[in-house]
> 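There's a structure below that I have some questions on.
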There are 2 protein chains.
Amino acid sequence: MTQPDTKTRLLDAAESLFSQQGFASTSLRAITSDAKANLAAVNYHFGSKETLLSAVLQRRLLPLNQQRSDRIDQVLSAATAAGTTPDTEALVRAFIEANFAFRRDKYGSSALISIVGRSMISADPVVRDLFLALIHPLINQLHQALCLALPQLPTRLIFTRLFFTMGAMGHCICFSGIAQIFKEDPDSNPEDNNVMTNNLINFVTAGLEAPC
Amino acid sequence: MTQPDTKTRLLDAAESLFSQQGFASTSLRAITSDAKANLAAVNYHFGSKETLLSAVLQRRLLPLNQQRSDRIDQVLSAATAAGTTPDTEALVRAFIEANFAFRRDKYGSSALISIVGRSMISADPVVRDLFLALIHPLINQLHQALCLALPQLPTRLIFTRLFFTMGAMGHCICFSGIAQIFKEDPDSNPEDNNVMTNNLINFVTAGLEAPC
DNA sequence: ATACATTTAAAACGACCGTTTGAATTCTGT
DNA sequence: ACAGAATTCAAACGGTCGTTTTAAATGTAT
């Protein structure tokens, strides 16, 4: 078994550490140490820490967003073929489900999803802007699809609710672990991924469909 | 007009800067500079940066949470007097509305609310744990009240949905400004506070009340 | 094998961080 | 006015950070 090249090892280590600690709290020394590379390797291969984050995000997010975009298009096509308006829950599912399903994808990466969650709600403008630039077209696509699904609601309200959806989703992704802190039931198991995903989809679908 | 004492000036400056940049990204040098105090003043008056954050949170959060707790009790009492179950939206309103109304309170502080939002979704365990310790009892109180309002739903599901609520709320508080990034309507004004608050309450109420 | 480009390596740079120190200053009670 | 406590101050400490530099090592095409 040959070791992946330095660039890949750096991406893997950064993905893992960023997902655990966030961008600002992860040092290049920790990344290069985990990747068994020299400290200077990040700057040599990527130019800077910020460019490394961009590469980490792009490696996973471009195919993930493509997948989500395709699923949204499928929902729209099916609705057109059936002569109905698209189903809100199906659109929500297209946006959220692939995100969580990515944990079990071919890359075997469970880390990217946490980075996405963190980026989505990051206070750091560097992180947030990088992420927003990558997801902006998908959000617009989803927004337009939701406007078709919810013709009785004003466009701007739908956008605001989509914004709430991203908040609930990011929070869910990042901190599902701390939910237990509050639970009085001490022997409660951590929620299964699928259960949590379905709970989230039910919650935001109802929120999006709420009367004006 | 006499200047507030150093301790108060430090709290005010920290509150303002933490709300803009977050805890980790705000240096004690920036805080003491804004407060027109010496660099050592934070360590002298508060002991450490972390204790300063705790003091900043407590100064506003204790009265705010008391206010929210009282409103929840009022909703419960009214329901008992009327012989009905408590109203979900009224409970949500008790939890959320006071938060936003605090912008216009006697302290004139618009900053605390952003810190709360940031703390609620912070990746930093130091920040998160400080905040959670302060809000834990209120969350439990609200959870129990919601269980009365939604007797048809399992307790754990209600908790999960309350968790989504906090995510949507924190995201809404922190980043309502960036919502405009996506908006295609270029001359859209930033949403009025009350409008945004009502949108959020409608969204999470519908999500909480969604059928199981 | 030799010349060349790519990659790795160790070390240092300058900047910023939270905290501590110890002396100077201001306040307070008598 | 004066002693003692409380506060402010400038300076430094030890540490971590992202980045750069310069040289050594490795790979590659002729």
Side-chain angles (χ1 to χ4, degrees), chain A residues 1-57 59 115 118-119 122-130, chain B residues 1-57 59 115 118-119 122-130:
Chain A
M1 170 185 169
T2 67
Q3 197 177 218
D5 64 9
T6 302
K7 213 166 168 175
T8 303
R9 294 203 316 278
L10 288 172
L11 284 171
D12 290 340
E15 183 174 284
S16 170
L17 289 171
F18 287 162
S19 77
Q20 291 166 37
Q21 313 169 347
F23 175 69
S25 302
T26 301
S27 70
L28 292 183
R29 284 166 177 82
I31 294 170
T32 51
S33 168
D34 265 31
K36 301 192 192 331
N38 187 269
L39 168 60
V42 165
N43 286 296
Y44 174 76
H45 285 285
F46 296 95
S48 71
K49 188 187 179 186
E50 182 178 336
T51 319
L52 171 64
L53 172 63
S54 176
V56 167
L57 286 175
R59 178 171 65 150
I115 303 187
R118 282 199 195 287
S119 301
S122 173
D124 184 340
V126 168
V127 177
R128 205 182 52 211
D129 291 350
L130 272 176
Chain B
M1 171 184 167
T2 68
Q3 199 177 214
D5 64 10
T6 302
K7 214 166 168 176
T8 302
R9 294 203 315 277
L10 288 172
L11 285 171
D12 290 341
E15 183 174 285
S16 170
L17 289 171
F18 287 161
S19 76
Q20 292 166 37
Q21 314 169 346
F23 176 69
S25 301
T26 302
S27 70
L28 292 183
R29 284 164 176 83
I31 294 169
T32 52
S33 168
D34 265 30
K36 300 191 191 334
N38 187 268
L39 168 60
V42 165
N43 291 84
Y44 174 76
H45 285 285
F46 296 95
S48 70
K49 187 187 181 188
E50 181 179 337
T51 318
L52 171 62
L53 172 63
S54 176
V56 167
L57 287 175
R59 179 171 65 149
I115 302 186
R118 281 197 195 288
S119 302
S122 173
D124 184 339
V126 168
V127 177
R128 207 181 49 210
D129 291 349
L130 272 176

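What's counted below: heavy atoms across the whole structure, side chains too, no hydrogens, waters or symmetry copies. Within every chain, numbering begins at 1; the chains are lettered A, B, ... in the order of the sequence lines, protein sequences first and strands thereafter. Just so it is clear, the model here is predicted, and its values are computed rather than measured.
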> Run B/Leu28 and B/Asn43 through side-chain contact (heavy atoms from CB on, under 4.5 Å) and show every step you take.
CA-CA 9 Å; B/Leu28 292 183; B/Asn43 291 84; 3.8 Å; yes
> Can you check the A/Phe18 CZ to D/dG18 C1' distance for me, whole Å?
12 Å
> Send over the distance from B/Lys7 NZ to D/dA6 P, rounded to a whole Å.
13 Å
> Starting at atom CG of B/Leu52, determine the distance to atom C1' of C/dG18, rounded to an integer number of angstrom.
12 Å
> Please list residues of residues 20-33 of chain B whose heavy atoms come under 4.0 Å from any atom in DNA chain C, ordered by number; otherwise none.
B/Thr26, B/Ser27, B/Leu28, B/Arg29
> Please report, rounded to the nearest Å, how far the P atom of C/dT8 is from the CG atom of A/Leu39.
14 Å
> Take B/Ser16 and B/Gln20 through the test side-chain contact (heavy atoms from CB on, under 4.5 Å) and record every step on the way to the result.
CA-CA 6 Å; B/Ser16 170; B/Gln20 292 166 37; 3.0 Å; yes
> In a check of side chain to side chain contact (heavy atoms under 4.5 Å, CB included) between A/Val56 and each of A/Leu130, A/Ile115, A/Leu10, A/Asp12, which one passes?
A/Ile115
> On DNA chain D, compare the nucleotides closest to B/Lys36 and A/Ala40; which residue's is nearer the 5' end?
B/Lys36
> Whole Å only: how far is the CG atom of A/Asn43 from the C1' atom of C/dT7?
14 Å
> Please report, rounded to the nearest Å, how far the P atom of D/dT7 is from the CZ atom of B/Arg9.
13 Å
> Ignoring backbone atoms, establish whether B/His45 has a side-chain N or O less than 4.0 Å from OP1 or OP2 of D/dA6.
no
> Determine: side-chain N/O of B/Thr6 to OP1/OP2 of D/dT8, distance under 4.0 Å, yes or no.
yes
> Heavy atoms only: give me the nearest A/Lys7-A/Phe46 pair and the separation to one decimal.
CG-CZ, 3.5 Å
> By the 4.0 Å heavy-atom rule, please label A/Ala41 as base, sugar-phosphate, or nothing.
nothing
> Would you kindly give the CZ-to-P distance between A/Phe46 and C/dT8, to the nearest whole Å?
11 Å
> I'd like to know whether B/Phe23 forms a side-chain contact (heavy atoms from CB on, under 4.5 Å) with B/Arg118, so could you lay out the CA-CA distance, the side-chain angles of the two residues, the decisive distance to 0.1 Å, and finally the verdict.
CA-CA 9 Å; B/Phe23 176 69; B/Arg118 281 197 195 288; over 6 Å; no
> How many whole angstroms separate atom OH of A/Tyr44 from atom P of C/dA10?
17 Å
> I need the minimum non-hydrogen distance between A/Ala40 and A/Asn38, along with the two atoms involved.
N-OD1, 2.9 Å
> Would a distance-only check, ignoring hydrogens and angles, find a side-chain to backbone donor-acceptor pair under 3.5 Å from B/Lys36 to B/Arg9?
no
> Looking at B/Asn38, I'd like to know whether one of its side-chain N or O atoms comes within less than 4.0 Å of OP1 or OP2 on D/dT7.
no
